[in-house]
Structures are given as structure tokens and as C-alpha cells.
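Have a look at the structure below, then the notes.
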2 protein chains.
Amino acid sequence: MNLEDVARLAGVSRSTVSRVVNGDRRVSDAARARVQLVIKEHAYHPNASARGLASRRTRIVGLVIPQVVIESFDDPWFPVVIKGALGACDDADLSMMLLMDRSLDDANATGLFGRVIHGRHLDGVVLASSTFDNPLAERLHAERFPFVLIGRSDRENWSFVDIDNRRAAAEAVSHLLGHGYRRPAMLAGPEVVIGAEDRLDGFRDAVAAAGLDGAHIPVRHLPFSQRSAYVAALDLFRASPRPDAFFAASDAMAIGVLQAARALDLRVPDDVAVMGFDDIEEGRAAQLDLSTVRQPASDLGSRAVAILASMIADPARPPVHEWLPTRLVLRGSCGCGFVNARMVESTTEGKRGEALVTQSSRVAELVAYSSPGG
Amino acid sequence: MNLEDVARLAGVSRSTVSRVVNGDRRVSDAARARVQLVIKEHAYHPNASARGLASRRTRIVGLVIPQVVIESFDDPWFPVVIKGALGACDDADLSMMLLMDRSLDDANATGLFGRVIHGRHLDGVVLASSTFDNPLAERLHAERFPFVLIGRSDRENWSFVDIDNRRAAAEAVSHLLGHGYRRPAMLAGPEVVIGAEDRLDGFRDAVAAAGLDGAHIPVRHLPFSQRSAYVAALDLFRASPRPDAFFAASDAMAIGVLQAARALDLRVPDDVAVMGFDDIEEGRAAQLDLSTVRQPASDLGSRAVAILASMIADPARPPVHEWLPTRLVLRGSCGCGFVNARMVESTTEGKRGEALVTQSSRVAELVAYSSPGG
DNA sequence: ACTGCGTGTGGGAGCGCTCCCACAGGGATT
DNA sequence: AATCCCTGTGGGAGCGCTCCCACACGCAGT
């Protein structure tokens with residue numbers, strides 16, 4: 001069953017069928033009705049390859065998974081991004097191809113870069129790897145291949161979606177320090193990841209704003225995993241002076257800190273307070289009572305795809321920089337529970353008013369707080 | 001840059017270039033060398049759409065994510081399957097498209113089934129949804145579209161890869177009951193999932209083998225999530241008689257049981273023993289000390305793709321039923337820790353000697369065990 | 001009547017491959 | 001010397017679409 005067959009059965013030309021299939025309005029109602037009937041009765045579906053060949057559009061977009069994520073797939077952040085991206089693809093009538101970073105690194109012809117990008121398998125890609133050094137994006141840009149980053153970039157003409165990591169982190173840490181803790185420590189992510197460094201900068205902003213001397217504050221750069229954080233926290237807990245508040249760059253890491261605290265019989269938040277980042281499902285378990293920063297991982301994926309779709313539709317489109325809102329979620333581990341404060345939530349809007357989701361900000365109503373540490 | 005251009009530059013015909021590109025051996029060394037040089041110098045890559053149109057092969061396979069998984073993406077099992085599948089695609093020079101189950105359910109022409117399957121976007125699909133009722137597989141089979149299931153099926157002519165859930169579960173529960181617990185309970189998965197029911201059957205096998213009366217043993221059908229298990233376990237702990245051993249159909253559920261035990265100040269494994277299934281990364285954290293059944297999730301994904309690739313290459317190929325090995329991983333929560341037994345591991349080979357991975361079986365050396373429950 | 005324009009329709013020429021068939025030339029077989 | 005096969009090569013005919021151009025037709029403006 002192909003276009004020609006449908007045309008014959010409907011008593012029209014190939015062109016007319018093509019117009020009906022592609023939603024061209026310049027078709028008479030009578031012809032359209034006949035064609036649609038034939039299409040439905042014979043379950044006709046246009047051949048993707050033929051379409052791709054003729055139109056130079058495959059309607060497939062790629063989602064590139066960074067090597068870091070593939071290695072430790074226990075980070076629940078990425079699956080949620082995938083889910084969001086997949087939903088947006090569905091809405092835009094696109095298909096989504098999953099690609100591994102390393103396949104694209106390959107400078108040779110044999111790698112996926114050649115086969116997939118040069119072979120015009122895809123119309124564009126979403127890159128979830130927002131590292132400072134990004135040779136893949138560099139190359140895509142050089143070849144004028146449409147792409148969107150998840151995670152900001154300094155390059156003005158690259159499109160991205162991101163959250164304001166620095167501001168969100170600063171806000172969270174300011175809240176943490178507001179409970180009176182004086183010896184904060186940070187478990188930061190890998191140094192090459194922009195978002196991780198932004199969270200560290202936000203941490204430093206808050207530390208400075210609290211009037212603490214940043215010079216002696218411990219900061220550890222680690223993979224985004226529970227295990228690495230567990231080990232690092234154990235180590236820091238044995239140091240002197242012992243930290244009384246931890247800011248972790250991800251919830252998985254924060255859970256590692258909680259485990260380390262439990263292993264050493266330290267009470268949370270009495271002996272040590274913990275603030276995470278992400279608001280993953282596991283962290284929401286009642287017993288952990290983990291305070292954290294909620295980020296819209298699913299929206300990050302879906303907005304990236306939506307922007308990519310618009311770039312593909314209009315290559316002349318100027319680059320888009322979209323900031324999504326985060327939200328401080330206060331449970332007990334930051335000290336709110338300890339001081340018997342009322343559970344509060346406050347909100348960080350997306351930067352520069354570009355936020356798509358707007359949420360009303362509830363003012364914190366802390367009943368009282370005291371300094372547990374020193 | 002296309003085939004024709006390469007041919008002209010190399011001084012050969014289009015056909016010869018095509019042969020070189022596709023690894024046809026019937027080309028002289030001289031001609032091959034010249035063509036390869038031109039290809040390399042001009043970074044030529046065959047156009048995927050044109051190839052697909054002419055050869056009726058896209059070299060893209062789909063991985064269908066079940067609706068259940070997409071909804072609760074906190075189950076770390078599936079990302080690992082994806083990772084394995086992606087690796088196998090890379091090896092076989094295939095691309096992988098991610099699809100949602102619901103898109104395919106759509107009986108209408110507009111759904112992905114029409115666009116992707118009928119539109120010949122794909123050469124085949126891997127279905128990770130191994131439910132008893134599987135209309136999607138039914139339809140694919142009816143249309144002679146290549147597919148492989150992850151999870152067994154009763155249909156003889158459908159290919160699948162799976163683990164022997166029943167035997168692995170029976171072995172795990174037998175071990176658990178071997179420590180002397182007399183009031184086991186099971187937190188089973190959703191009733192529609194074949195693998196979940198197999199684990200339940202294995203549980204019942206072990207219960208019967210231990211001479212216990214299965215009639216009064218609590219079994220709860222739940223989603224594969226930590227939270228649902230937490231709630232169910234709390235409930236069961238309040239019943240009388242209180243269970244003294246839990247078998248959970250997944251590690252996430254087992255962790256929910258551990259949390260419930262902690263919430264009620266029950267000691268593990270003194271007051272209650274717990275056995276999980278999956279051996280996910282989180283479950284390996286030292287403090288949880290969770291005994292479980294390790295399953296090769298990554299291999300499940302990669303083998304499914306490999307089998308699919310062979311089916312695509314040879315459509316006449318008889319269906320493949322492949323069983324991968326599991327392994328009982330004994331930590332403390334099953335009672336081994338409690339009774340001060342030596343840490344042991346034993347192995348379940350894949351059924352019928354079809355196992356790809358063979359591991360030597362270490363004989364359990366339990367020093368002693370006693371019945372904590374009564 | 002001639003021109004102009006907007007709408008609906010048809011047909012040709014690709015898009016860049018693969019696959020089949022034809023055929024040249026050299027060596028082995030009759 | 002004629003025949004056969006085997007290897008290496010070239011060219012034609014698609015694959016099933018999209019896109020462009022041509023053109024018929026009706027209706028207003030001159």
C-alpha cells in the first residue's frame with residue numbers, strides 16, 4: 001500500500017493524496033473525504049524512509065545520554081528527564097532515539113556521529129551533558145546541526161533549558177544556615193559538570209552572606225552517587241571540627257550523608273542538618289524527612305524537545321535560553337523538624353521572568369529556631 | 001556528498017562504491033582502496049533514509065517501555081535494561097528508539113503503531129512488558145513484525161529472554177525458611193505481570209516444601225514500589241500472628257519492608273527476616289544488609305537486542321527462548337547475619353543448560369542457625 | 001473579448017540508495 | 001579452440017515519497 005495505490009482507489013492523483021496526508025488545505029472537501037476514507041479502510045501509513053528521503057526530514061530526534069549517567073544509572077534524575085522528553089516527542093509527533101555519548105565522541109567515520117548525524121538519521125538532538133568542555137556541542141554547532149542543551153552554556157548562540165542552580169542552592173543553604181548551623185560542608189558533584197559547579201557557587205554565596213569565613217569550609221568533589229557521599233561524609237564526620245550541616249549536590253548524595261550520620265549515631269537534624277537537591281522519589285520517604293530543592297526534571301526534558309522541534313521547523317530561529325523554576329521543599333532534615341518549626345515551602349521563580357510554571361510563594365513561618373551546634 | 005560523487009572521484013561506478021560501503025568482498029583491492037580513501041577524505045556517510053527506502057531496512061530497533069514503568073520511574077531495574085540494550089545496539093550497528101506502550105495501544109492510524117510500525121520506521125522491537133495479556137505482542141505477531149519479549153510467554157512461537165523467576169524465588173525462600181522462620185509473608189507484584197506471578201509461585205513452592213500450610217500465609221499484590229510495600233508491611237506487622245519473614249518481589253519493596261520494620265522498632269533479622277529480589281544498587285548499601293536474588297538486568301536488555309538482530313537478519317529463524325542465570329546473594333537480612341553464619345553465596349544456573357553465563361556454585365556453609373520466631 | 005488572479009488538481013523530476021542483470025576478461029575444464 | 005565458471009565491474013530500474021511547475025477552471029476587473 002503506497003501513495004499511488006491510495007490515489008488510484010480514491011480516483012485522485014498522488015499529489016492530492018500527499019496533500020491530504022500532510023494537512024495541506026488546498027484540497028476540496030470532496031477529494032479529501034474520499035482520500036481519507038481510503039486511507040482509513042486500508043490502514044495506509046506513509047513510509048518513513050521515503051518521506052525522509054524526499055523531504056530531508058526524518059521526524060526523529062536524539063537524546064544523548066552522557067557517559068557519566070550511563071555508568072551509574074542509579075541516579076533517578078535521568079529517567080525522569082527521558083520520560084518528559086518522550087512525552088513531548090509524542091505530542092510533537094516525533095520519535096526519540098537514545099544515544100550514548102561515547103558513540104558520538106568517536107572522531108572516525110565509523111562512530112555514531114557519522115552514521116547518525118551525517119547520515120541524516122536525525123533532525124536534531126538534545127544533549128543532557130552540560131559540561132564546561134563540550135566538544136560534541138561544539139561540533140554540532142560547527143555543522144549547523146540543530147541541538148538543545150539540558151543545562152546552561154556560556155555560548156550565547158547555543159540553546160538550552162536549565163534551572164537557576166546557583167540561586168536555588170544559595171536559597172537552600174541560606175535557609176539551612178538560618179537555623180543557626182555554623183560549620184557547613186558541601187558535597188559537590190563532578191567539577192566538569194556546570195550545574196554542579198553552579199550549586200557550589202550558590203553554596204559559597206550563602207556562606208558569605210551568613211558572614212562565615214569560606215576559607216576553612218570543607219568542599220568535596222564527588223560523583224553524584226549515594227555511595228561516594230557516604231564515604232566522604234564518614235570521613236568529614238571524623239574531622240575536627242565536625243561539620244554540623246551538609247549541603248549535598250543531589251538527593252542521592254544527601255541520602256548517603258544520612259546513612260553516614262546513622263552509622264555514627266549522629267542525630268538529624270540535632271547533631272547534623274542535611275539539605276539535598278533534586279527531590280527524588282526515594283528522598284520523599286517519610287523516615288528520611290529530607291529537605292531539598294525540587295527541580296522539574298520532567299519539564300527539563302519536555303521543554304528541551306519542544307525547543308528543538310521549533311528549531312527544526314525554523315532553522316533561522318534565534319537561540320532560546322529557558323529557565324525553569326525550582327522550589328525549596330522543607331522537611332525535617334534541615335533543622336525545621338528539630339526546632340519544632342511549622343513545615344513551610346517557598347518558591348524560586350525561574351530567572352528573568354521566563355518561567356513557564358509559576359507558583360505562588362508561601363512565606364516561611366518559622367515558629368522558632370535555635371543553634372544546635374555551637 | 002553522495003554515492004555518485006564518491007564514485008566519480010574514485011573513478012569507479014556507483015555499484016562498486018556501494019559494495020565497498022556494505023562490505024561486499026567482490027571488489028578488487030585496488031578499487032576498494034581508492035574508494036575508501038575518497039570516503040575518508042570527504043567524510044562520506046550513506047544517507048539513512050535512502051538506504052532504508054531501497055533496502056527496506058532502517059537499522060533501527062524499538063524498545064517499548066511499559067506504561068507501568070513510565071509511571072513510577074523510580075524502579076532502577078528498567079534503566080539498567082536500557083543500558084544493556086543500548087550497548088548491544090552499538091555492537092550490532094543499530095540505533096535504538098524509545099517508545100511508550102500507550103502510544104502503541106492506539107488502535108487508530110494516528111498512533112505510533114501506525115506511524116512507527118506500519119510506516120516501517122523500525123526493523124523490530126523489544127517489548128519489556130511481559131504481562132499475561134499482551135495485545136501489542138499479539139498484533140505484532142499477526143503482522144509478522146519481528147519482536148522479542150523481556151519476560152517469558154506461553155506462546156511457543158514468540159521469542160523471549162527471561163530468568164527463571166519461579167526457581168530463583170523458591171530457592172531464596174527455601175533459604176529464608178531454612179533459618180527457621182515459620183510465619184512467612186509475601187509482597188507480590190502486580191497480578192498481570194508474569195514474572196511477578198512466577199515469583200509468587202516460587203514462594204508457594206518453597207512454603208509447601210517446608211511443610212507449612214499455605215492457606216493462612218499472607219500474600220499482597222502491590223505495585224513494585226517502595227512506598228506501597230512500606231504501607232502493606234506496616235499493616236501486616238500489626239496483624240496477629242505477626243509475620244517473621246518477608247519475601248518481597250523486588251528490592252524496592254524489600255526496602256519498604258525494612259523501613260516499616262524500623263518504624264515499628266522491629267529488629268532485622270532478629271524479629272523479622274527480609275529477602276528481596278533484583279539486587280539493585282541501593283540495596284547493596286552496607287547498612288541495609290539486604291539478602292536478595294541478583295538478576296542480570298543489563299544482560300536481559302542486551303540479549304533481547306541480539307536475538308532481535310538475528311531475527312531481523314533471518315526472518316525464518318525459529319523462535320528463541322533464552323534463560324539467563326540468577327544468583328542468590330546472602331547478606332544479613334535473611335537471617336544469616338542474625339545467626340552469625342558465614343556469608344555465603346550460591347548460584348542458580350539458567351534452566352535447561354541454556355545459560356550464557358556460568359558461575360561456579362559455592363556450597364552454603366552455615367555454621368548454625370536457630371529459630372528466632374517460635 | 002482580453003487579462004488577471006485564486007483555487008484545486010495532475011504529472012514529472014528528483015531524493016540517494018540497493019538490487020538485479022549484463023558483461024568483460026582470465027583461468028580451468030572439456 | 002570452444003566452453004564453462006568465477007571474479008570484478010557497470011548501469012538500469014526501482015523504492016515511495018515531496019516539491020515544483022503546469023494547467024484547467026471560475027470569477028472579477030478593464
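Since we're looking at a predicted model, the values are computed, not measured. Just so we're on the same page: letters track the sequence lines, and every chain starts at 1.
- Phosphate contact (OP1/OP2 of C/dT9, side-chain N/O of A/T16, threshold under 4.0 Å): absent.
- A close approach under 4.0 Å does occur between a side-chain nitrogen or oxygen of B/N22 and OP1 or OP2 of C/dT18.
- Remark: C1' of D/dG16 and CZ of A/R8 are 14 Å apart, rounded to the nearest angstrom.
- The base of D/dG11 lies close enough to the side chain of B/S15 for a donor and an acceptor atom to sit less than 3.5 Å apart.
- Rounded to an integer number of Å, the gap from CZ of A/R26 to P of D/dA24 is 17 Å.
- Across the protein-nucleic acid pair, A/E4 atom CD and D/dC15 atom C1' stand 12 Å apart, rounded to whole Å.
- Looking at B/K83 and B/L86, their side chains never come closer than 4.5 Å, going by heavy atoms from C-beta outward.
- Distance, B/R59 CZ to C/dT18 P: 11 Å, rounded to whole Å.
- The nearest whole Å value for the distance from the CD1 atom in B/I39 to the C1' atom in C/dC17 is 13 Å.
- Taking only side-chain atoms of B/L53, from C-beta outward, the nucleotide of C/dG16, D/dC17, D/dT9 with the closest atom is C/dG16.
- Checking the phosphate oxygens (OP1, OP2) of C/dT18, no side-chain nitrogen or oxygen of B/S55 falls inside 4.0 Å.
- Among the atoms of the strands shown, only primed sugar atoms or phosphate atoms (P, OP1, OP2) are found under 4.0 Å from some heavy atom of A/R51.
- Side-chain N/O atoms of A/N2 include one lying less than 4.0 angstrom from OP1 or OP2 on D/dG16.
- Between D/dG8 and B/R32, no contact under 4.0 Å exists linking OP1 or OP2 to a side-chain N or O.
- Formation of a donor-acceptor pair under 3.5 Å by the A/R57 side chain with backbone atoms of A/I312 is found in this model.
- In this structure, the side chain of A/H321 does not engage the main chain of A/S153 through any donor-acceptor pair within 3.5 Å.
- B/V126 is not listed as a side-chain neighbour of B/M96, based on a closest heavy-atom distance of 4.5 Å or more.
- Spacing between atom CZ of A/R120 and atom C1' of C/dC17 amounts to 16 Å, rounded to whole angstrom units.
- The OG1 atom of A/T58 sits 7.5 Å away from the CE atom of A/M97 when rounded to the nearest 0.5 Å.
- If you take CG of A/D24 and C1' of C/dT7, they are 11 Å apart, rounded to a whole angstrom.
- Residue-to-nucleotide proximity on DNA chain D shows that, of B/R56 and B/S13, the 5′-proximal contact is made by B/S13.
- Along DNA chain C, the nucleotide nearest to B/R19 and the one nearest to A/R14 differ in position, and the one closer to the 5' end is contacted by A/R14.
- Atom CG of A/N47 and atom P of D/dG16 are 7 Å apart (whole Å).
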